[in-house]
Structure formats: C-alpha cells, structure tokens
Student: 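My questions will all concern the structure given below.
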Amino acid sequence: PLTLAMDIVKDVLHTQLPAYLKGLPLPDTFSGFMELSGDQWKHFVPLLTVLFVVLTLPLILPMFFGKRKSSRVNNMISLEKDKVADAVNKLPGETKSVFCRCWKSKKFPYCDGAHVAHNKKCCDNVGPLIVNW
C-alpha cells in the first residue's frame, strides 16, 4: 500500500505536474494576462486553488486546532477555593483603601499596581476599586 502511494506521488511529480505546467498559457508579459480568454484562464484554476489552500492553511488551522485561551480571569489567587471572597475592615486612621480587580496583585485583595502591566500586555483597561472611608 505504501509503495503504491509513493508510485502515485512519483507519477504526479515527475510526469503529470510538469506536463500541466508546460501546458499553461503563460504570456510573455504581465499585461499579457489581461488578454487571456476565459478558456485560457480555466487552465489556471487548479494551480490557483492549490496555491490558495497552501497559503491560507497555516492561517486557518490554528483557529481550529491551536491552543485555546482559558476564559478564566483569576489564574493565581486562592485557586483551591470554589469562590474567592474577602472581608476587609477599615484600619484606624485609614481614609482610603485600594482593592485589586485584575487578579494579578501579589498583595491581593489589595492593589499593588499589577494591572498596569496586565493592561499593556492584554490591551485591557482594568483598574483598582478605590474605597474612601
């Protein structure tokens, strides 16, 4: 079976493809393509189809078989919990608290400014929650 397949490939590459390419009505100049008849253009359909598939396949395949991005927002804070909920009490003398909303802060639930790098990387616009007491 493998030998038969290789014989077919060999025949196509050594015999049929050269004969097809020699039979193409190639004009001497680029402007000559404008003078080709409809029947002459029909000879180019297989070549143009193969070129289209070969050139677009690398662009199309990743959409179907590429890595899918996770839709998960939180990728690092208390992942073992079903739900992350924090209670924060106002500290004496505190007039303002700044809370993380990007899930990237190393001081979560408080903001450490990690959203700045996140926004640049992801073209996002998330910012902290600022509570004035």
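The residues of the chain are indexed from 1 along the displayed sequence.
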Student: Donor-acceptor pair, S105 side chain versus A114 backbone, under 3.5 Å?
Tutor: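 Side chain of S105 to backbone of A114: no pair is present.
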Student: Mark yes or no for whether N74, through its side chain, and L79, through its backbone, hold a donor-acceptor pair below 3.5 Å.
Tutor: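 Not a single qualifying donor-acceptor pair exists.
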Student: With side chain to side chain contact (heavy atoms under 4.5 Å, CB included) as the criterion, how do N75 and W103 come out once you've worked through the C-alpha distance, each side chain's angles and the decisive distance to 0.1 Å?
Tutor: CA-CA 7 Å; N75 291 312; W103 294 94; over 6 Å; no
Student: For the side-chain contact (heavy atoms from CB on, under 4.5 Å) test, which of L13, D7, V12 pairs with V9?
Tutor: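 Considering L13, D7, V12, a side-chain contact (heavy atoms from CB on, under 4.5 Å) with V9 is found only for L13.
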Student: Exactly one of L129, D86, V84 should register a side-chain contact (heavy atoms from CB on, under 4.5 Å) with P109. Which one does?
Tutor: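 That would be D86.
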Student: Got a second to check how far T3's OG1 is from I8's CD1, nearest 0.5 Å?
Tutor: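 One gets 11.0 Å once the value is rounded to the nearest 0.5 Å.
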Student: Would you mind checking if K42 and D39 are paired as a salt bridge, meaning a charged N to carboxylate O distance below 4.0 Å?
Tutor: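 So D39 pairs with K42 through a salt bridge.
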Student: What is the minimum heavy-atom distance between P46 and H43, and which atoms define it?
Tutor: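 Smallest heavy-atom distance, with atoms named: CD-O, 3.6 Å.
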Student: Can you confirm whether more than 12 heavy atoms, excluding those of M76, are under 6.0 Å from its CE atom?
Tutor: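 Above 12, so yes.
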Student: Examine distances only and state if a side-chain atom of D112 and a backbone atom of K106 form a donor-acceptor pair shorter than 3.5 Å.
Tutor: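 Indeed, once roles are kept as given, a pair shorter than 3.5 Å links the two residues.
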Student: Tell me whether V45 shares a hydrophobic cluster with L17, the cluster being built from Ile, Leu, Val, Met, Phe, Trp, Tyr side chains joined at under 4.5 Å.
Tutor: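 Different clusters.
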Student: Using every non-hydrogen atom in the two residues, find where C111 and G113 come nearest and quote the distance to one decimal.
Tutor: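 Nearest heavy atoms, C111 then G113: SG-N, 3.3 Å.
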Student: If hydrophobic clusters are built from ILVMFWY residues whose side chains come within less than 4.5 Å, do V131 and V88 share one?
Tutor: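 In one cluster: yes.
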Student: Once you measure the plane-to-plane angle for F33 and W41, does it fall in the parallel (<30°), tilted (30-60°) or perpendicular (>60°) bin?
Tutor: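 Plane angle between 30° and 60°, so tilted.
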Student: Kindly work out whether a path of hydrophobic side-chain contacts (I/L/V/M/F/W/Y, heavy atoms less than 4.5 Å apart) joins L26 to L48.
Tutor: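 Looking at the clustering, L48 is in the same group as L26.
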Student: Counting heavy atoms not belonging to K90, are there more than 12 under 6.0 Å from its NZ?
Tutor: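 Yes, enclosed.
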Student: Are L36 and L51 connected in a single hydrophobic cluster, I mean Ile/Leu/Val/Met/Phe/Trp/Tyr linked by side-chain heavy atoms less than 4.5 Å apart?
Tutor: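 They do share one cluster, since a chain of ILVMFWY contacts under 4.5 Å joins L51 to L36.
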Student: Could you walk me through whether C100 and Y110 pass side chain to side chain contact (heavy atoms under 4.5 Å, CB included), step by step?
Tutor: CA-CA 5 Å; C100 176; Y110 296 100; over 6 Å; no
Student: Provide the closest heavy-atom pair for G127 versus R101 in the form atom of the first, atom of the second, distance.
Tutor: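 G127 and R101 have their closest heavy atoms at O-NE, 2.8 Å.
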Student: Calculate, to the nearest 0.5 Å, the distance between atoms OG1 and CG belonging to T15 and D11 respectively.
Tutor: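 Reported value, rounded in 0.5 Å steps: 4.5 Å.
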Student: Give the cluster check for V116 versus V98: same hydrophobic cluster or not, with ILVMFWY residues linked at side-chain heavy-atom distances below 4.5 Å.
Tutor: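 No, because V116 and V98 fall into different hydrophobic clusters, even though each may have its own neighbours under 4.5 Å.
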Student: Side chain to side chain contact (heavy atoms under 4.5 Å, CB included) for K96 and I130? Distances and angles first, verdict last.
Tutor: CA-CA 7 Å; K96 175 172 82 171; I130 301 171; 3.6 Å; yes
Student: Find the distance between NE2 (H115) and SG (C122) and round it off to the nearest 0.5 Å.
Tutor: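 With rounding to 0.5 Å, NE2 (H115) is 13.0 Å from SG (C122).
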Student: Report yes if some heavy atom in the side chain of W133 is under 4.5 Å from a heavy atom in the side chain of T95; otherwise report no.
Tutor: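 Not touching, per the 4.5 Å side-chain cut-off.
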Student: Looking at E35 and G32, would you say the former's side chain and the latter's main chain have a donor-acceptor pair under 3.5 Å?
Tutor: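 Not confirmed, E35 side chain does not pair with G32 backbone.
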Student: Got more than 12 heavy atoms from elsewhere within 6.0 Å of CG, N132?
Tutor: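 Result for CG/N132: enclosed.
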Student: What's the verdict on side chain to side chain contact (heavy atoms under 4.5 Å, CB included) for L47 and Y20, showing C-alpha distance, side-chain angles and the deciding distance?
Tutor: CA-CA 9 Å; L47 177 64; Y20 166 73; 3.3 Å; yes
